[in-house]
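One-based numbering, in listed order, for ligands and for the atoms of each.
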Amino acid sequence: MVSYNVAIVGATGAVGEKIKEMLETTSLPLNKVVFLASKRSVGKKIRFKGDFFEVEELQADSFEAIDIAIFSAGGEISKQYAKEAIKRGCVVIDNTSAFRMSEGVPLVVPEVNSEALKQHQGLIANPNCSTIQMMVALEPIHQMFGLERIIVSTYQAVSGAGMSAINELKQQAQDILDGKEEIEATILPCSGDKKHYPLAFNALAQIDVFSDEGYTNEEWKMINESKKIMSDQALKVSATCVRVPVMSGHSESVYIEIEKDDVSVNDIKESLEKAPGVVLEDNPAEQIYPQPLTAVDKTDVFVGRIRKDLDSNKGFHLWVVSDNLLKGAAFNSVQIAEKLHEMNLVKVNQ
Ligand code: NAP
Ligand code: 3JN
């Protein structure tokens, strides 16, 4: 029986740690897993399925005899090393934005467009976390009633910005509770930008750097990736992305306009109840609605607060929550690997 050698690139990071966890329970037959990171982490021990493994330094020849490489070490590392991995016969699943919009690179959410995997030429892109959970929630509605417009506002957890941002928020919260007057901010809202603001007890309407038309890069990712995944360049999409002081679990307030007339809230709920990867949590009478604290460590996308718009017959509002490090990144990547295996789309190197 086939079994795969898998490499995690960025194994010591916030996403890499979760990829390791997802590989501990995957249905993918594994021969071995190799943990790669920068020189700084060489020799660090990683516990996997009860055994300890040393982190190795990422190098081009790390990919000799690897079948599947899951990259999560930033776009520059993907641009430098994905081709080295592919040259050595690997299929690369890339968690960064480096190739998401490249022609010929499938951008895949398995519940939505796993058929696109058949087109892969060694590289598959994993979408942005905020896009993934929105696509899982909206695809059943898209299929049943057509979709014309999406207007989304996100409430994104700090874990989406990596380990150093998580540590910064914890320190700020502690310093504020300790009554310190100077609160240090050196990373958020965006590590490469000119100014930094505290996130603790705050909300920052900036994720990634500002770009064209006053939108940030995170907002452009949601706009462009949604159109590519749903194969609909005419889909109207707009986004406002906001960082909130939540550890894990992105929340989204999503407004949609559908194509069909006379669709009820119950019709929308029925389409979601049957949908793969979606859990409906919607009972206002019992105060039941999705929350990041209850979504964390789960691989599903939770949907609630479904309401018809008061002015538009084709407009609906939804509240969509998911664990950004799982369905938004690690789980989606491992699901892609499982699908590639099921569809016989991995070349085995040994
Ligand atoms: P993180 O916690 O800062 O971890 C970064 C990882 O990259 C660490 O393992 C780090 O290794 C490794 N790395 C950095 N420089 C390297 C180098 N020169 N060579 C080899 N490895 C290197 O960041 P994260 O939150 O896990 O995110 C990592 C990347 O994943 C992001 O940059 C982004 O592209 C992607 N991401 C995607 C999503 C999504 O929406 N799908 C969400 C979050 C992140 P050391 O520990 O040795 O430094
Ligand atoms: O901030 C978040 O909640 C998600 C962040 C994702 C991210 C962070 C740094 C670089 C990405 C991404 O996946 O789009 C990237 C990137 O690869 O561009």
With a cut-off of 4.0 Å, which atoms of ligand 2 are near a heavy atom of [X]?
X	result
Ile207	1 (O)
Glu218	2 (C), 4 (C)
Cys129	3 (O), 4 (C)
Ser97	16 (C), 17 (O), 18 (O)

Selection from Ala37, Ala73, Gly328, Ala330 by shortest heavy-atom distance to atom 20 (C) of ligand 1: Ala37
Winner among Arg100, Arg243, Glu76 once heavy atoms are compared against atom 13 (O) of ligand 2: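 That would be Arg100.
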Asn217, portion touching ligand 2 at heavy-atom distance under 4.0 Å: neither
Which segment of Asn128 sits under 4.0 Å of ligand 2 when only heavy atoms are counted: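 The side chain, only.
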Inter-residue atom distance Met134.CE - Met222.CE, 0.5 Å rounding: 4.0 Å
Lys228 vs Glu225, salt bridge (charged side-chain N to carboxylate O under 4.0 Å, His left out): CA-CA, chis, key distance, verdict: CA-CA 5 Å; Lys228 179 167 175 176; Glu225 293 176 18; over 6 Å; no
4.0 Å protein heavy-atom contact status of atom 10 (C) of ligand 2, strictly under: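 Looking at atom 10 (C) of ligand 2, one finds that no protein heavy atom lies closer than 4.0 Å.
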Ser130 touching ligand 1 at heavy-atom level, < 4.0 angstrom: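 Judged by the 4.0 Å heavy-atom criterion, Ser130 does not count as contacting ligand 1.
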I need the nearest protein heavy-atom contact for [atom]: residue, atom name and distance, please.
atom	result
atom 32 (O) of ligand 1	Gly74 CA, 3.2 Å
atom 11 (O) of ligand 1	Thr12 OG1, 3.2 Å
atom 14 (C) of ligand 1	Arg40 NH2, 3.8 Å

Residue from Gln133, His250, Glu111 passing side chain to side chain donor-acceptor pair (under 3.5 Å) with Lys327: Glu111
